[in-house]
Amino acid sequence: MGSMIIETEGLTRSYGDICALKPLNLEVPEGEWLSVMGHSGSGKSTLLNLIGGLDRPTAGTLKVGGEELLGRDEDGLARYRREFVGIIFQQHHLVPYLTAVENVMLAQYFHSVPDEAEARTALERVGLGHRLKNRPSELSGGEQQRVCIARAIINSPRLLLGDEPTGNLDHKSTVMVLELLRELRLEERFTIIMVTHNQEVAAWGDRTIYLDDGLLVREERSSR
Ligand code: ADP
Ligand code: MG
């Protein structure tokens with residue numbers, strides 16, 4: 001594989017006496033789909049939030065695209081989140097009174113300039129061309145998550161992070177969302193890091209790492 005998009009050394013996050021993430025050395029090659037597994041409380045979200053620039057570690061280094069992220073001030077970190085990263089969560093965090101297309105345009109607004117045609121195209125790509133004017137409450141869970149994916153990829157991130165994005169979905173919607181991510185990744189060539197506690201979901205990745213009580217205990221390459 002080519003160059004590393006993520007490199008950590010001794011990456012650590014403590015909350016007082018609780019060590020949520022124990023010193024972690026991790027390399028993620030550009031273009032990989034990495035799954036992060038572990039029980040509840042094992043540090044999965046902590047790791048994802050550090051990589052996404054939503055939180056700062058208490059020790060260690062974190063290089064993104066070869067550049068040390070932790071030297072950045074708040075503005076620099078905000079720029080990183082805006083330009084480099086797309087994130088999808090278990091909860092959709094869509095604005096309830098905005099339509100699907102307006103929710104996507106909001107993400108464009110924070111990045112640069114809203115462009116309705118572009119937002120519409122993004123929703124068409126996730127199969128929601130017929131749901132542009134619907135509000136989140138009028139969409140199924142799977143559709144809401146697809147709006148989130150459109151919102152996450154609208155600014156062409158190099159890194160797509162998911163924190164249990166299919167955690168609230170039934171099996172059919174889960175497969176639809178994962179297939180969509182696989183398709184988009186082939187076209188856009190972004191790297192995926194996806195937290196899940198579901199072995200079946202993890203198997204969609206190229207590799208799975210396992211966290212246990214904040215420690216990386218095992219890793220495994222997918223067979224397919
Ligand atoms: P996971 O996502 O694997 O369920 P988390 O990363 O959310 O686990 O949490 C890992 C550990 O860190 C847990 O013990 C949790 O209680 C603790 N933790 C997470 N966030 C905070 C916080 N803001 N303050 C104190 N403890 C926290
Ligand atoms: Mg979590």
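Just so you know, these numbers come straight off a predicted model, no measurement behind them. When a ligand or atom number is given, it counts from 1 through the structure's own listing order.
Per-residue contacts place Ser42 under 4.0 angstrom from the following atoms of ligand 1 (heavy atoms of the residue considered): 1 (P), 3 (O), 8 (O). Ligand 1 places these atoms under 4.0 Å from at least one heavy atom of Ser40: 4 (O). Taking a cut-off of under 4.0 Å to the non-hydrogen atoms of Thr46, the atoms of ligand 1 that pass are 5 (P), 6 (O), 9 (O), 10 (C). Near His39, meaning under 4.0 Å from one of its heavy atoms, ligand 1 places the atoms 3 (O).
Applying the 6.0 Å contact sphere to CE of Met176 captures no more than 12 heavy atoms from other residues, nucleotides or ligands. Heavy-atom neighbours of Lys63 NZ from other residues, nucleotides or ligands within 6.0 Å: at or below the threshold of 12.
The nearest heavy-atom contact from the protein to atom 23 (N) of ligand 1 is Tyr15 CE2, 3.4 Å. Protein heavy atom closest to atom 12 (O) of ligand 1, with residue, atom name and distance, is Ala20 CB, 3.2 Å. For atom 7 (O) of ligand 1, the nearest protein heavy atom (residue, atom name, distance) is Ser45 CB, 3.8 Å.
A salt bridge links Arg72 with Glu67: the distance from a Lys NZ or Arg NE/NH1/NH2 to an Asp or Glu carboxylate oxygen falls below 4.0 Å. Arg146 and Glu179 are not joined by a salt bridge, as no carboxylate oxygen comes within less than 4.0 angstrom of a charged side-chain nitrogen.
There is no protein heavy atom less than 4.0 angstrom from atom 15 (C) of ligand 1.
Leu211 and Val28 end up in the same hydrophobic cluster when Ile, Leu, Val, Met, Phe, Trp and Tyr side chains are linked at under 4.5 Å. Residues Met37 and Leu24 fall into different hydrophobic clusters, defined by Ile, Leu, Val, Met, Phe, Trp and Tyr side chains chained together at heavy-atom separations under 4.5 Å. Under a hydrophobic-cluster definition in which Ile, Leu, Val, Met, Phe, Trp and Tyr are linked whenever side-chain heavy atoms come within less than 4.5 Å, directly or via other members, Ile149 and Leu94 are assigned to the same cluster.
Ligand 1 has at least one atom lying under 4.0 Å from a heavy atom of Gly43.
Polar contact with ligand 1: present for Gly41 (N/O pair, distance under 3.5 Å).
For the Mg ion (ligand 2), the set of nearby N, O or S atoms under 2.8 Å includes one belonging to Ser45.
Of the candidates Val36, Leu62, Thr8, Thr8 is the only one forming a side-chain contact (heavy atoms from CB on, under 4.5 Å) with Leu26.
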